[in-house]
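Below, chain A is the first sequence line, B the second, and so on; all start at residue 1.
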Amino acid sequence: MGFFEDELGSLADADARRFAGGSFAEDRLGPVVGAVRRRRAVRAAGVGGASVLSVGVLAVGGVNLPRVSASLGFALSDAAAVVCTTTTPVADAPWIALEQGSSATGATPLNHELADGALVGNYVWPKVTLEDRGSGTTTAIDIRNSVELTVNGLTSELTPRSDGTYTAMETSGGDVVNLRITPVEQPDLIFPFYPPTVEVQVASHEPAVATCVTSTPEPSDSPSWPPTSSTTPSSTPTPESTPSARSSSASRTELELPRTDTSPSVETAYNILDTELFMDHPTEWGEAYKDGETLVVNTVTRDVNEAAAVLADLGITGGVTLREVDLSIADYDTAMHALNESDYLSQVVAWVAPDYKELRLQVTVVPEADMGRVDRELASGLAEFDIPYVVDTGERPSFD
Amino acid sequence: MARWEPILEEVMRERSARLLAYARLLTRDDAEAQDVLQDALVRSFSRGRAFDNANLAEAYVRRAIPTVFIDRVRRRRASERAHDKDVAVGGHHVLEPDREVVMDVRAALAALPPQERACVVLRFYDDLTVPQIAAQLKLAEGTVKRYLSDASGKLAQILGERFDAPAGATGVPVVSPAKGVR
């Protein structure tokens, strides 16, 4: 080992000693836990910054996908699927070549360099169902975010790239397979969370091409996203579950920033806000959602003009409507986790997630739940938070 | 309490010094290192992984740190472009060293643009190969080679003969004859 490597090691060792005993954990544990909880809830419930978001993972046959879990057993939306069938049946090999050596001879990795300044994660991908007609194997990949995919005992991490490709890398640091997913124009796409039609090409020696057919349900205009296709709205909201006086209309002040040529797209703007503001400052913001071609951003601790200045600092100068609200991301987090205190709710709640448009919690319980008891428990559990909620019914997710 | 929470807490309480030190190799200051680590923790624990123990979780977080760092740099640049600002992010920002023995290395690292710095750390501290670096940072291998080549030239200029990176190990020329220090 040379001088430079030695000195890098010495530098890291010295810094580690310097950081030991520091206050990082004390200072940051709360925000990190809150952000993780929120993101897990969002991933699981299928509700993000917009009012509608589809998330889907399932596991079939020998393919296991990560199970998004939350303490309440939040459900996964089955809102969209892209069915891909390989053009050449592969009898004795996985349809998606993630085995050792898959990037070796015969593979044509698609390496596309990200443009400087490109935003990773701009694209939000749908659930993709891949079917190997040869073996009958079917699986689905949630490629909105990085996921792990296990095929024949080998686990890889799939990471979407903003150029439309994504990388599958063995988690142990081994082989890399690059896949290309090409979005097809879909002008009426609902903010990033409704899936575009995609074509999937597996850039490995076999199979060469997968052809995809999209089945995308019509997005709902309802502010409360559709939990699952099997969900039947209940007779609720009851008086207790009707949004309280602390609703958006009561406190909303809005400021509209007309779209400019220099302001990033709605999707990009949301990603910037999510990373720069929502994650780090959950008490100051109430998340965001898409309204037409506008991103509506909820500000809690700033008035709309102050919030506009913050957004401008991040390069977001148009295409945004700011509104003042009372409920912060942290409020939603805290309220959702308060529901864990109820043993009964833990048993019957299929999923729960914030509705940032209507400023309330959307609680979905299993159909067999005692709705009267649900309302009592919710009213009790959320009493101290003064947070509105609505209840409907739906099934728990099925992973198998 | 969810199953991941005790592991997250253990990582933050018992492993954060090492992780911060690693992040600090990439960043311009301690505060940015803390931000990068926080983002890496959130990113790693938000993906539904079932970490069985803190060692595995630490490994994931550690691996996420360079990616998070590069993502932040990209976002910052995009934001700056939107404001028509011509700011070189971290390009030549040299901090006061905190130990004399590592002063030159700290200063030399800080003199590198962020992407080059990340590649250097992954290559010479983590001992990753060019393809591994490319995969981790989501860059083309050619880009990684170029970054390493440019960085090697600058480091050689700053550190002189003490920068004795083994060119043969990566196929990366130690000094790029075509490009000098920016």
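- Interface check for chain A: of the options A21(B), S16(B), A59(B), the most heavy-atom pairs under 4.5 Å are formed by A21(B).
- Applying the side chain to side chain donor-acceptor pair (under 3.5 Å) rule to E58(B) yields the partners R15(B), R18(B); only residues at least two apart in sequence or on another chain are considered.
- For the 3.5 Å distance criterion, the side chains of R28(A) and Q34(B) qualify, holding a donor opposite an acceptor.
- Ranking L41(B), V121(B), V11(B), L37(B) against chain A, the residue ahead of the rest is L37(B), based on heavy-atom pairs under 4.5 Å.
- For Y125(B), the ring-ring contact (aromatic ring centres under 6.0 Å, His included) criterion is met by Y22(B), not counting sequence neighbours.
- Heavy atoms closer than 4.5 Å to chain A are found in both the backbone and the side chain of D35(B).
- With a 4.5 angstrom heavy-atom cutoff, L109(B) touches chain A only via side-chain atoms.
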Quiz item: Can you list the steps and then say if Q132(B) with T129(B) is a side-chain hydrogen bond (donor to acceptor under 3.5 Å, both in side chains)?
Solution: CA-CA 5 Å; Q132(B) 288 171 329; T129(B) 64; 3.3 Å; yes

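- Residue L20(B) touches chain A through both its backbone and its side chain, counting heavy-atom pairs closer than 4.5 Å.
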Quiz item: Should K145(B) and D150(B) be marked as a salt bridge (Lys or Arg N to Asp or Glu O under 4.0 Å) after you check the CA-CA gap, both sets of side-chain angles, and the distance that decides it?
Solution: CA-CA 8 Å; K145(B) 289 178 181 175; D150(B) 290 352; over 6 Å; no

